[in-house]
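Accompanying notes for the structure given below.
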Protein chains: 2
Amino acid sequence: MIEVNHEDTILRTFILFVQSANAALKYADATFFRRAKLSVIKFIVLQVLATNGGSMKPSELAEWTSTERHNITTLVDRMAQDELGRAQRNERDRRFVNITPNDKGMKVLDQAKPVAREIVNQVMSSISENDALLLEKLLKVLKQNAHSGSSIYR
Amino acid sequence: MIEVNHEDTILRTFILFVQSANAALKYADATFFRRAKLSVIKFIVLQVLATNGGSMKPSELAEWTSTERHNITTLVDRMAQDELGRAQRNERDRRFVNITPNDKGMKVLDQAKPVAREIVNQVMSSISENDALLLEKLLKVLKQNAHSGSSIYR
DNA sequence: TATTGTTATACTCTATAACTATA
DNA sequence: TATAGTTATAGAGTATAACAATA
C-alpha cells in the first residue's frame with residue numbers, strides 16, 4: 001500500500017497526474033479533431049458500439065464513458081447532427097432506447113483508427129513493452145478506484 | 001520501445017487510458033467542487049502560484065496548465081469573480097500581467113489540500129509505493145510525449 | 001412505484017480569429 | 001515588428017433539477 005507522509009509529495013503526484021492526463025487528452029482530442037473530424041469521446045462511443053453488436057442503451061454508454069444518462073442524450077444528439085448515428089425507441093420495451101451508428105459513423109470510425117494508432121504510438125513512445133503492460137494494469141486500478149470513490153462520496 | 005502489432009490492442013490501450021483519465025478527473029473535479037467549492041484547474045493554479053512566489057504571468061500559467069494564454073485570461077476572470085485572486089498590469093513593463101492570489105484564495109487552497117490528499121489516497125489505494133513511483137515516471141514521459149507531439153502536429 | 005430516458009438551464013472550459021497595447 | 005495579453009464568439013461537455021414515459 002502506498003503510504004505518503006509528506007503533503008507536498010501527495011500534491012505533486014496529484015498535480016502531475018492531472019497535468020499528464022490533461023496534456024495527453026488535449027493532444028489526442030486536437031489531433032483527432034484535426035485529422036478525423038471527431039472528438040475522442042465520439043470515437044470511443046463509435047468503437048464501443050462497434051464492438052458490442054452495433055447497438056447499445058444510453059445507460060450502458062453512460063457506464064462505459066463514466067458519465068450520466070442525460071449527457072449521453074445530448075452527446076447522441078450531437079452525433080446525430082454529425083450524421084454518425086441515431087437513437088431509436090426499442091419497440092419491444094419502450095422504456096429502452098437503441099443507439100446505433102450508421103454507415104457514415106462506421107466509415108468515420110475506420111478513418112479514425114489509424115489516427116488513434118498514431119496518437120498512442122506518439123504518447124507511448126520510449127516506453128518499454130513491460131512498462132506499457134504495467135501502465136495498463138495501473139490504469140485499470142486507477143479507473144476502478146475513481147469509480148468506487150465516486151459511489152462512496154455520492 | 002513499445003511495438004504493438006495488433007490494432008485491437010492499440011485501441012484498447014488508448015481507450016483505457018482515456019477512460020481512466022476521464023474517470024479520475026471527473027471524480028477529482030466532482031469531489032473538489034463538492035467539498036472545497038473549487039475546480040481542479042483552479043486548485044492547480046492556486047497551488048502553482050503559491051509555490052512560485054505568489055505571482056506569475058498568464059503565459060507561464062498557460063505553460064503549466066497545457067493551454068493557451070487566452071484561456072488563462074478567462075480562467076483568471078472566473079477566479080476574480082470567486083474572489084480568489086486578481087490580474088494586475090506590471091507597471092515596470094506594461095506588456096506583462098501579474099496574477100496573484102489573495103487571502104481568500106490562499107485560505108481556500110489550504111482547505112482544499114486535505115481534499116486533494118484524500119482524492120490521491122483513494123485513487124492510488126492498493127498501489128504499491130514502487131508502482132506509484134514508476135507511475136510517476138511514466139506519467140512524466142506521457143506528458144512530455146503529448147507535449148512534443150502537440151508541437152510536431154501544430 | 002421504480003426505472004429509463006429527456007428536457008431546460010446554466011456554467012466551465014476550450015478553440016479560432018481578430019484585436020490592442022507595449023517595447 | 002515581435003511579443004503579451006485581451007476580447008468576441010461559438011461550441012463541446014457536464015451538472016442539477018425537474019419532468020415524461022413505461023413496465
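Per chain, numbering begins at 1; letters A, B, ... match sequence-line order.
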Atom pair distance, as rounded to whole Å: [atom1] in [X] and [atom2] in [N]:
{"X": "Asp77(B)", "N": "dT12(C)", "atom1": "CG", "atom2": "P", "value": "11 Å"}
{"X": "Leu25(B)", "N": "dG13(D)", "atom1": "CG", "atom2": "P", "value": "15 Å"}
{"X": "Glu60(B)", "N": "dG5(D)", "atom1": "CD", "atom2": "C1'", "value": "13 Å"}
{"X": "Arg69(B)", "N": "dT14(C)", "atom1": "CZ", "atom2": "P", "value": "16 Å"}
{"X": "Gln81(B)", "N": "dC13(C)", "atom1": "CD", "atom2": "P", "value": "12 Å"}
{"X": "Met56(A)", "N": "dG5(C)", "atom1": "CE", "atom2": "P", "value": "11 Å"}
{"X": "Asp29(A)", "N": "dA15(C)", "atom1": "CG", "atom2": "P", "value": "8 Å"}
{"X": "Ile72(B)", "N": "dT3(D)", "atom1": "CD1", "atom2": "P", "value": "20 Å"}

**Ser59(A) vs dG5(C): side-chain N/O to OP1/OP2 distance below 4.0 Å** = yes
**Prompt:** Nearest nucleotide by nearest heavy atom, which residue falls closer to the 5' end of DNA chain C, Lys57(A) or Ser39(B)?
**Reply:** Lys57(A)
**Asked** Tell me, for nucleotides 14-23 of chain D in 5' to 3' order, what letter each nucleotide earns: B for a base near a protein heavy atom under 4.0 Å, S for only sugar-phosphate near one, - for neither?
**Response** BBB-----BS
**Item:** Exceeds 12 heavy-atom contacts within 6.0 angstrom, atom NZ of Lys104(A)
**Value:** yes
**Item:** Nearest-0.5 Å distance that lies between atom CG in Leu46(A) and atom CE in Met79(A)
**Value:** 4.0 Å
**Asked** Side chain of Pro58(A): nearest nucleotide among dG13(D), dC13(C), dT6(C)?
**Response** dT6(C)
**Message:** As a test of reading the structure: which of dT6(C), dT7(D), dA4(D) is closest to the side chain of Phe96(B), going by heavy atoms?
**Reply:** dA4(D)
Give a yes or no answer on whether the side chain of [X] reaches the backbone of [Y] with a donor-acceptor pair at less than 3.5 Å.
{"X": "Asn98(B)", "Y": "Asn90(B)", "answer": "no"}
{"X": "Gln19(A)", "Y": "Trp64(B)", "answer": "yes"}
{"X": "Gln122(B)", "Y": "Ala146(A)", "answer": "no"}
{"X": "Arg89(B)", "Y": "Arg94(B)", "answer": "yes"}

**Prompt:** Looking only at heavy atoms, which two atoms of Ser126(B) and Val141(A) are closest? And how far apart?
**Reply:** OG-CG1, 3.6 Å
